[in-house]
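Chain letters run A, B, ... following the sequence lines, proteins first, then strands; residues in each count from 1. Everything numeric in this text was worked out from a predicted model, so none of it was measured.
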Number of protein chains: 2
Amino acid sequence: MSEGTPDADVPDVSVDDIRCCCPVDGVLELVSGKYAIQVICLVGAVQPARYAEIEEALEDVSSSTLSNRLEELTEAGLLHRESYDEIPPRVEYRMTGDGEELCRLLQPLVEWANEREGSAL
Amino acid sequence: MSEGTPDADVPDVSVDDIRCCCPVDGVLELVSGKYAIQVICLVGAVQPARYAEIEEALEDVSSSTLSNRLEELTEAGLLHRESYDEIPPRVEYRMTGDGEELCRLLQPLVEWANEREGSAL
DNA sequence: CAGAATCCATTCGGATACTG
DNA sequence: CAGTATCCGAATGGATTCTG
């Protein structure tokens, strides 16, 4: 210990203890895709959400990008995609249980981020 | 309202109410940079952390990438960078208040993500 | 309507070499 | 030690076109 300052609320951790903590594969990478968080928030809030609805709400997302995000999130088991055999076709997206959970986890982060945009920066 | 199913715990929101909710500029974009979350978690936990320490803990990050991330986070006011006039030079990174807050907000997310890696996927 | 496919511009990150 | 600078390949996202 080079620092001789004992501090009650700062646990005595070294980098070695941390090394295992953040794979940041999977979910975390997914979430960092463009519009991923918005999609999650949006579907979490409006549920069920249709493709066109999401596209419009995001305003400047391209269809290919939205397509990719939706597919990734669906494959990851965060969104549930239900398509109806109608003409014109209708597809509805909902959160899965995991999706809901992630959405909940994300919310404080998003709110805090929004406040920061508002005030500082 | 096409769905006529009133539901107590699902608020009656339409996409229009959401549109304003997720800028995802600033913080959220920052966080999606490669290794950004790890850096935050790491510095939050070992504090103060030196460049070489972080680099080693992240194991396969390139110096340029780490450099960028550190600079971004510092500029955004999430990290505090203190350099000492010594030879060899020493630089210490700590969290700012905002950084700590973000770190706290991130933690549940990271833990949940880690659990998911472990079990499913 | 809900995408899939293609093509392209830009961005991002890694490797390497160099510096105060 | 703590970076910066440069170059380059890979990955990402946007625009557009087309389709069931």
Side-chain angles (χ1 to χ4, degrees), chain A residues 2 14-15 22-26 28-40 42-43 46-76 79-94, chain B residues 2-3 15 22-26 28-40 42-43 46-76 79-94:
Chain A
S2 47
S14 88
V15 276
C22 300
V24 186
D25 299 313
L28 261 8
E29 256 195 54
L30 227 94
V31 159
S32 70
K34 206 166 184 189
Y35 295 103
I37 297 183
Q38 289 100 319
V39 169
I40 294 170
L42 191 67
V43 177
V46 310
Q47 222 160 14
R50 299 182 57 173
Y51 186 92
E53 259 183 329
I54 304 175
E55 191 171 25
E56 197 208 334
L58 265 32
E59 284 185 338
D60 44 2
V61 68
S62 69
S63 74
S64 51
T65 299
L66 180 55
S67 225
N68 291 334
R69 223 75 320 141
L70 249 16
E71 192 183 340
E72 290 168 9
L73 295 172
T74 303
E75 261 181 59
L79 290 184
H80 173 74
R81 177 183 184 278
E82 181 117 39
S83 84
Y84 300 87
D85 256 350
E86 305 174 357
I87 290 178
R90 177 165 56 105
V91 174
E92 290 182 351
Y93 290 93
R94 289 157 209 273
Chain B
S2 46
E3 306 287 311
V15 278
C22 300
V24 185
D25 299 313
L28 262 7
E29 255 195 52
L30 226 93
V31 159
S32 70
K34 207 168 183 186
Y35 295 102
I37 297 184
Q38 287 101 318
V39 170
I40 295 169
L42 192 68
V43 177
V46 311
Q47 225 160 7
R50 298 182 57 172
Y51 186 93
E53 260 184 328
I54 304 175
E55 191 172 26
E56 197 207 335
L58 265 32
E59 284 184 335
D60 44 1
V61 68
S62 67
S63 71
S64 51
T65 299
L66 179 56
S67 224
N68 290 334
R69 222 74 324 135
L70 249 15
E71 192 183 340
E72 290 167 10
L73 294 172
T74 303
E75 260 180 59
L79 290 184
H80 173 73
R81 177 183 184 277
E82 181 115 42
S83 85
Y84 300 87
D85 255 349
E86 305 174 357
I87 291 177
R90 178 164 56 104
V91 174
E92 291 183 349
Y93 291 92
R94 290 158 208 274

* Asked: Going through the checks in order, is the side chain to side chain contact (heavy atoms under 4.5 Å, CB included) test met by B/L42 and B/L58?
  -> CA-CA 9 Å; B/L42 192 68; B/L58 265 32; 4.2 Å; yes
Please round to the nearest 0.5 Å and tell me the distance separating atom [atom1] of [X] and atom [atom2] of [Y].
X: A/E72; Y: A/E29; atom1: CD; atom2: CD; result: 9.5 Å
X: B/Y93; Y: B/L70; atom1: OH; atom2: CG; result: 4.0 Å
X: A/R50; Y: A/E56; atom1: CZ; atom2: CD; result: 12.0 Å
X: B/R94; Y: B/L79; atom1: CZ; atom2: CG; result: 11.5 Å

* Asked: Does OP1 or OP2 of C/dA2 have a side-chain N or O of A/R90 closer than 4.0 Å?
  -> no
* Asked: Just to confirm, is there a sub-4.0 Å distance from OP1 or OP2 of C/dG3 to any side-chain nitrogen or oxygen of A/Y93?
  -> yes
* Structure fact -> Taken to the nearest whole Å, CG/A/L58 to C1'/C/dA2 is 16 Å
* Structure fact -> Between CD of A/E92 and P of C/dC1 the distance, given in whole Å, is 15 Å
* Structure fact -> Which of B/I54, B/V61, B/L66 passes side-chain contact (heavy atoms from CB on, under 4.5 Å) with B/Y35? Answer is B/V61
* To do: Please name all residues satisfying side-chain contact (heavy atoms from CB on, under 4.5 Å) with B/E75, sequence neighbours left out, ordered by chain then number.
  => B/E71
* To do: Give the first and the last nucleotide of DNA chain D, reading 5' to 3', that has any atom under 4.0 Å from a heavy atom of chain A.
  => D/dG13 to D/dG20
* To do: Go along nucleotides 5-20 of chain C 5' to 3' and tag each nucleotide: B for a protein heavy atom under 4.0 Å from its base, S when only backbone or sugar atoms are that close, - otherwise.
  => B-------SBBB---B
* Heavy-atom pair of closest approach, residues A/R69 and A/K34 -> CD-O, 2.9 Å
